[in-house]
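Notes for the one structure printed next.
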Amino acid sequence: MLFNGRNFISFAKLAGTNKHLLQQFWYGTPAQMNVYMKGRDLLTLQNYTADELKYLLWMASDLKQRIKHKGEFLPLMQGKSLAMIFEKRSTRTRLSAETGFALLGGHPSFLTTQDIHLGTNESLTDTARVLSSMTNAILARVYDHNDLDLMAKEATIPIINGLSDLYHPLQILADYLTLQEHFGGLQGLTIAWIGDGNNVLQSFMTSAAKLGMHLRIATPR
């Protein structure tokens, strides 16, 4: 799980904020070089264009190739910190996010609701403002997607959706990266979804067509 791409997706966007630094590390040909994503939130893939999604996937693939297969140290996040808010526990999301940020030289801080009293003694607004003054980005795994929207409104740093009741963008981007590695591309692929109509499916629905894929869905009523 550590190198299936999930741990590089979030930080590909952050790393992309410094093109002069990245030019030292580029591997292969980027899918699209005229996108600009500095300071943007990643709450849902619905807010990203096809070129922006392709660029995220290219950079994640590039980082994976350089770090995992070539053993390079790319300190793109050196001196930066990531606040990781987990209302909902997860083995893979936590470990992959912490590992990915650390591999890029950054410092991840894991925070549960017991650690920061989210929504109890400290409001979402206060939490967003305080973390904005001390960290460089927030990865939040929450129950209610509206909480992410509120944090994004109040924070001055990027908010990354680690999971909500509506969307799971990191999971889908990691899946796209895996499909891209196995099939050599995404254009024209058909994905069959059989199961619950959940947050993962909704992230598929907001992005598959942008990348030229067909989506077939079978869910309980």
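Starting from 1, each residue takes its place in the sequence as its number.
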Evaluate the side-chain proximity of L82 to H107: yes if any heavy-atom separation is below 4.5 Å, no if none is. no

Would you say the side-chain atoms of D41 pair up with the backbone N or O of I159, donor to acceptor, closer than 3.5 Å? yes

Write down the atom of P169, the atom of N161, and the distance for their closest heavy-atom approach. CD-ND2, 3.5 Å

Closest approach of L42 to L170 (non-hydrogen atoms, all atoms of both residues): CD2-CD2, 3.8 Å

Any side-chain to backbone donor/acceptor pair from S133 onto V130? Under 3.5 Å, distance only. yes

Any side-chain to backbone donor/acceptor pair from N199 onto L166? Under 3.5 Å, distance only. no

Are the side chains of R89 and T112 in touch, meaning some heavy atoms are under 4.5 Å apart? yes

Same apolar cluster: L111 and Y143, side chain cutoff 4.5 Å: no

Verify whether one side chain among N47 and T44 offers a donor that lies under 3.5 Å from an acceptor in the other. no

Measure from NZ or CZ of R94 to the centre of the six-membered ring of F86 and say whether it is under 6.0 Å with the direction within 45° of the ring axis. no

Would you find a donor on one side and an acceptor on the other, under 3.5 Å apart, between the side chain of E181 and the backbone of T178? no

Under 4.5 Å between any side-chain heavy atoms of M84 and F101, yes or no? no

Separation of L201 CG from I191 CD1 (nearest 0.5 Å): 10.5 Å

Measuring from Q202:CD to I172:CD1, what's the distance to the nearest 0.5 Å? 11.0 Å

Spacing of T125 atom OG1 and E154 atom CD [to the nearest 0.5 Å]: 4.0 Å

Could you check if a side-chain atom of K80 sits within less than 4.5 angstrom of a side-chain atom of L104, using non-hydrogen atoms only? no

Under 4.5 Å between any side-chain heavy atoms of R216 and W193, yes or no? no

Between A60 and L177, what is the shortest heavy-atom contact and its length? CB-CD2, 4.2 Å

Could you check whether any side-chain heavy atom of L53 comes within less than 4.5 Å of a side-chain heavy atom of L173, counting everything from C-beta outward? yes

With the 4.5 Å side-chain cut-off for hydrophobic clustering, are Y167 and V142 part of the same group? no

Atom CE of M213: over 12 foreign heavy atoms under 6.0 Å: yes

Atom CG in D147, atom CG in D144: separation rounded to 0.5 Å? 4.5 Å

How many angstroms lie between atom CZ of R92 and atom CD of Q171, to the nearest 0.5 angstrom? 8.5 Å

Polar side-chain atom of Q180 near backbone of L186 as donor-acceptor pair, under 3.5 Å: no

Using atom types as modelled and distance alone, determine if a side-chain donor or acceptor of N198 lies under 3.5 Å from a backbone N or O of V200. yes

What heavy-atom pair brings L95 and T99 nearest, and what distance separates the two atoms? O-OG1, 2.7 Å

Do T93 and R141 have side-chain atoms, one donor and one acceptor, less than 3.5 Å apart? yes

Same cluster (ILVMFWY, side-chain, under 4.5 Å), L56 and I160: yes

Inter-residue atom distance M59.CE - L76.CG, 0.5 Å rounding: 8.5 Å

Answer whether the closest heavy-atom distance between the side chains of N136 and M77 falls below 4.5 Å. no

Closest heavy-atom contact between A50 and L211? O-CD2, 4.1 Å

Heavy-atom donor-acceptor pair, K210 side chain to Q46 backbone, under 3.5 Å: yes

Kindly indicate whether the side chain of D175, heavy atoms from C-beta on, has any atom under 4.5 Å from the side chain of F204. yes

Strictly by modelled atom types, are H145 and S164 linked by a side-chain donor-acceptor pair under 3.5 Å? yes

When you measure from the side chain of S207 to the backbone N and O of S203, does any donor-acceptor pair fall under 3.5 Å? yes

Is it the case that Y48 and T206 place a side-chain donor and acceptor less than 3.5 Å from each other? no

Mind checking whether F110 and L163 sit in one hydrophobic cluster, side chains of I, L, V, M, F, W, Y counted as touching below 4.5 Å? no

Closest approach of S81 and M134, non-hydrogen atoms and distance? OG-O, 3.5 Å

